[in-house]
There are 2 protein chains.
Amino acid sequence: MSDVDETDHRLLALLHEDGRRTYSEMAGEVGLSVAAVKRRVDRMREAGVITGFTVQVDHVKLGWGVEAFTELRYTGRTGVNDIVTTATTVPEVQAVYTIAGDPDALVHVRVRDLPHLQSVIDTLRRAGTVTGTKTLMVLGSWTREG
Amino acid sequence: MSDVDETDHRLLALLHEDGRRTYSEMAGEVGLSVAAVKRRVDRMREAGVITGFTVQVDHVKLGWGVEAFTELRYTGRTGVNDIVTTATTVPEVQAVYTIAGDPDALVHVRVRDLPHLQSVIDTLRRAGTVTGTKTLMVLGSWTREG
DNA sequence: CCTGAAAGCTAGCCCGC
DNA sequence: GCGGGCTAGCTTTCAGG
């Protein structure tokens, strides 16, 4: 398995705060050489511990100010893949979580406004044999290190 | 407001795929000079459209293999801030969403195992005047660009 | 918005422990 | 296996046009 030591965790924490930090800056923080830091980061990418780097965006400033979670319930005949496949093809869907118990899935969506939300929910409702949905409107959110 | 044009959106999409992409690579993609790309990215950071850059991590490989959403319900006397403050001080909490209606909040947690999950839920339950919780265990997840 | 040059960074070596 | 130091080439940065 992946052998991630204390120094690796510190590097991950530094990259979590700022994914564009330079190797030389991190080297100074953890007390290693630039080459050693690069080797550790490369190794974590190779091992799949680091899956990538991304930009964090304020969606409200881009006009996508409405966020919601929709709980999905569907019949026993509907496979999990049907739901996930449909949901992932809807661009407004940010994430899909399959759940043990009730509901069967939780879908995180981000939309421009309420009519837009309604159309997305309608799309989800038509996926597979959905027996019911319940949508939780997000009023405010806090994300670690957002 | 923020004036984000088509080129800016293409830059955001490129950075979303790979937050460590170089300005020169993006310049080639959008057909601008390196300096022009840097100025646009700097401007978006300044405007708050870009809030930061971060690394994406496979938490399962780090031994945090259990993920769940906990719905919280609390009394009218409990302020939203009480819940959010408590939740954000719990390191296992990834995100807190305050919700319109029922439940009052949705908390995304990531833990090592089930006993660990139980202790986190107990902590949340003691926050403010929580009247009830319902935890949705995540079996599988898909995240856009995860 | 582009060009150009200096400073800084990255990526790949070799070497020692 | 781990680390450090080096260098060539690229990237970033900040003038100026």
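Lettering follows sequence order; numbering is per chain, from 1.
With no hydrogens or angles considered, no side-chain donor-acceptor pair links A:T131 and A:R73 at under 3.5 Å. Side-chain polar atoms of B:R77 and B:T129 form no donor-acceptor pair below 3.5 angstrom. A donor-acceptor pair shorter than 3.5 Å cannot be found between the side chains of B:T133 and B:T70.
Taking a 4.0 Å limit (strictly below) on heavy-atom distances, residues 11-26 of chain B reaches DNA chain C at B:R20.
With respect to A:R126 and A:D122, no salt bridge is recorded, no charged nitrogen being found less than 4.0 Å from a carboxylate O.
Annotation: the terminal axes of the helix from C:dC1-D:dG17 to C:dC17-D:dG1 meet at 30°, where each axis is the rotation carrying the C1' atoms of four end pairs onto the next four (5 pairs per end, rounded to 10°).
When hydrophobic side chains of Ile, Leu, Val, Met, Phe, Trp and Tyr are connected at separations under 4.5 Å, B:L139 ends up as a singleton with no cluster partners. Grouped with A:Y74 in one hydrophobic cluster are A:V66, A:L72, A:V80, A:I83, A:V84, A:V90, A:V93, A:V96, A:V107, A:V109, A:V111, A:L114, A:L117, A:V120, A:I121, A:L124, A:V130, A:M137, B:W142, the linkage being side-chain heavy-atom contacts under 4.5 Å among Ile, Leu, Val, Met, Phe, Trp and Tyr residues.
Tracing side-chain contacts under 4.5 Å through hydrophobic residues (I, L, V, M, F, W, Y), one reaches B:L14 starting from A:L62; they form part of the same cluster.
Separation of the B:H108 and A:Y97 ring centroids falls under the 6.0 Å cut-off.
For D:dT12, the OP1/OP2 oxygens have no side-chain nitrogen or oxygen of B:K38 closer than 4.0 Å.
Two residues are said to be in side-chain contact when any heavy atoms from C-beta on lie closer than 4.5 Å; A:R40 and A:L32 meet this criterion.
Residue pairs meeting the ring-ring contact (aromatic ring centres under 6.0 Å, His included) criterion with at least one partner in residues 34-67 of chain B, sequence neighbours excluded, are B:W64-B:H116.
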Which parts of nucleotides 1-8 of chain D does protein reach within less than 4.0 Å, heavy atoms only, written one letter per nucleotide 5' to 3' as B for base, S for sugar-phosphate only and - for none?
--BBB---
